[in-house]
Amino acid sequence: LVLNHPLMIHDFGYTFYPMRSFDSFFITLIVFIFQALVYLAVISRVVRRREGQEKEALLSSLYALIALIVQSLDLAWRADLLPNVSAFGMEQLHWYSSFALSFLLLLTLRVFLQKRNHEAWWGVALFWSLSLAAILLNLFNLPDVLWSDNVWMVPFERLPFAVVALGWLSFSAGSFFNFRKAYQRTRQPLHRNRLRYWLLLFGLLFSADALFIANFSGWGAPFRLVGVWLLGYVVVTHHLPDLQQIVRGVLNYVATTLFASFFYLTGYTLIQRFFPAAVENNALLIGTAVALLLAIIFRPLYD
């Protein structure tokens, strides 16, 4: 058997087309509707912005729209609704869209920081775009195999990946350095709190970009979905909840829960080891006693 296509199997000259699973198609449809509703809700929210937030609204809306289109095409391709699109063609779509989205995020951050001169970054984007166009058009007449030995080879078709990766890294680094510089200069607690949310945005959206570029779009889609929702929330909301208190509360709860679980397991194990007869005859009573003791100390421990 030779497998040439996910839905096509050749066997001694005969071709078989397995029936598409209705359940998988239904799940794909549900996922598409859910992510479309989230992205459209983000666009609707940022469009209804306050006065003076027009640029942030435009950029974040464009970011959400591109993300929606890319993930919708990816879902349609996985459901075999785009039979004329090859796997490599979809992989290239992931490359170029992640490249564009990283630049859009950088511009959104700079507008959010109220920086006015973006010409230098537009020049960087133009440089990478022209480099990519020159490679795609093969203006330098490069061979199909750029380098090879007995084990490894570098094909020409993978050269755009290198340009996209370098461009994406430059925009990601630019976003982080712009954030770091602004955070160091900001002294007001309210503004510093708004800036802290961008660290979470970077973690979500740049992780999504990296996974899409590496062709793990199924893993990257949830990160991008949550990241776009948070981007729309941060851009148009002035008074954000204190992120430090949220993180501190979550860490406290997780640490207390882990310690309580350790306390319960250790206590029950020790009783079972030193008083096996009591545990065997009154397992429910012993477990209830340990749980009651744990409930008594949980709140003081959390505080």
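What you are looking at is a predicted structure, and each value in this text was computed from that prediction instead of being measured.
Relative ring orientation between F206 and F202 is described as parallel, the plane-to-plane angle staying below 30° on a 0-90° scale split at 30° and 60°.
Taking a 6.0 Å sphere around CD of Q184, one finds it holds more than 12 heavy atoms contributed by other residues, nucleotides or ligands. More than 12 heavy-atom neighbours from other residues, nucleotides or ligands sit within 6.0 angstrom of NZ on K115. Around the CZ atom of F88, the shell of radius 6.0 Å holds more than 12 heavy atoms that belong to other residues, nucleotides or ligands. For CZ of R192, the number of neighbouring non-hydrogen atoms (other residues, nucleotides, ligands) closer than 6.0 Å is greater than 12.
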Next item on the list: Before giving the answer on side chain to side chain contact (heavy atoms under 4.5 Å, CB included), spell out for F223 and D209 the whole-Å C-alpha distance, their side-chain angles and the decisive distance to 0.1 Å.
Entry: CA-CA 9 Å; F223 287 95; D209 290 344; over 6 Å; no

Next item on the list: Report the C-alpha distance between L211 and H94 in whole Å, list the side-chain angles of each, state the deciding distance to 0.1 Å, and finish with yes or no for side chain to side chain contact (heavy atoms under 4.5 Å, CB included).
Entry: CA-CA 9 Å; L211 288 169; H94 296 159; over 6 Å; no

Next item on the list: Would you please test L231 and V42 for side chain to side chain contact (heavy atoms under 4.5 Å, CB included) and show each step?
Entry: CA-CA 9 Å; L231 177 64; V42 170; over 6 Å; no

Next item on the list: Given side chain to side chain contact (heavy atoms under 4.5 Å, CB included), test L93 with W77 step by step and report yes or no.
Entry: CA-CA 12 Å; L93 175 65; W77 183 80; over 6 Å; no

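The nearest pair of heavy atoms linking A64 to I43 is CB-CG1, 3.8 Å. When all heavy atoms of I296 and P300 are compared, the closest pair comes out as O-CD, 3.3 Å. Nearest heavy-atom pair across Q71 and A221 is NE2-CB, 3.6 Å. Closest of all the heavy-atom pairs between S61 and A57 is OG-O, 2.7 Å. What you find for S60 and T108 is that their closest heavy atoms are N-OG1, 4.3 Å. In plain terms, the two heavy atoms of T28 and A79 that are nearest each other are CG2-CB, 4.0 Å.
When the side chains of ILVMFWY residues are joined at heavy-atom separations under 4.5 Å, either directly or via intervening members, L190 and Y197 end up in two distinct hydrophobic clusters. Residue L126 is not grouped with residue L139 when hydrophobic side chains (ILVMFWY) are merged at heavy-atom distances under 4.5 angstrom, including chains of intermediate members. Residue L37 is grouped with residue L29 when hydrophobic side chains (ILVMFWY) are merged at heavy-atom distances under 4.5 angstrom, including chains of intermediate members. Taking hydrophobic clusters as Ile, Leu, Val, Met, Phe, Trp and Tyr residues chained together by side-chain heavy-atom distances below 4.5 Å, L201 does not share a cluster with L58. Residues L130 and V163 are members of separate hydrophobic clusters, defined by side-chain heavy-atom contacts under 4.5 angstrom among Ile, Leu, Val, Met, Phe, Trp and Tyr.
The side-chain tip of R196 does not point at the ring of Y183 from less than 6.0 angstrom away and within 45° of straight on.
Side-chain atoms of H238 do not come within 3.5 Å of backbone N or O of V235 as any donor-acceptor pair. Checking side-chain atoms of R45 against main-chain N and O of Y233 turns up no donor-acceptor pair under 3.5 Å. Not one N or O on the side chain of T237 forms a donor-acceptor pair closer than 3.5 Å with the backbone of L240. Checking side-chain atoms of W121 against main-chain N and O of L106 turns up no donor-acceptor pair under 3.5 Å. The closest donor-acceptor contact from the side chain of N193 to the backbone of P189 lies at 3.5 Å or more, if one exists at all. The backbone N or O of F262 sits less than 3.5 Å from a side-chain atom of T266, completing a donor-acceptor pair. A donor-acceptor pair is defined here as one N or O able to donate and one able to accept, closer than 3.5 Å; such a pair exists between the side chain of S102 and the backbone of F99. Under a 3.5 Å cut-off, the side chain of R194 and the backbone N or O of H239 do not form any donor-acceptor pair.
S217 contributes atom OG, which lies 11.5 Å from atom CG of L73 (distance to the nearest 0.5 angstrom). If you take CG on L166 and CZ on F127, they are separated by 9.0 Å, rounding to the nearest 0.5 Å. Annotation: the span from S97 atom OG to L104 atom CG amounts to 11.0 Å, rounded to 0.5 Å. With rounding to the nearest 0.5 angstrom, the CG atom of L68 is 13.0 Å from the OH atom of Y63.
Residues W229 and Y39 have side chains not in contact (no heavy-atom distance under 4.5 Å, counting atoms from C-beta outward). Residues L204 and R224 have side chains not in contact (no heavy-atom distance under 4.5 Å, counting atoms from C-beta outward). Side-chain contact between V46 and E56 is absent, with no heavy atoms from C-beta onward closer than 4.5 Å. Taking 4.5 Å as the limit, some side-chain heavy atom of V124 sits within range of a side-chain heavy atom of S170. Contact check for L113 versus F179: no side-chain heavy atoms found under the 4.5 Å cut-off. Looking only at side-chain heavy atoms (C-beta outward), N178 and R110 come within less than 4.5 Å of each other. The shortest distance between side-chain heavy atoms of V164 and Q92 does not fall below 4.5 Å. Side-chain atoms of F171 and L105, non-hydrogen and from C-beta on, never get closer than 4.5 Å to each other.
Among I213, L132, L101, the one residue that satisfies the side-chain contact (heavy atoms from CB on, under 4.5 Å) test with Y96 is L132. Of the candidates W128, F161, F212, W168, F161 is the only one forming a ring pair (Phe, Tyr, Trp, His ring centres under 6.0 Å) with W95.
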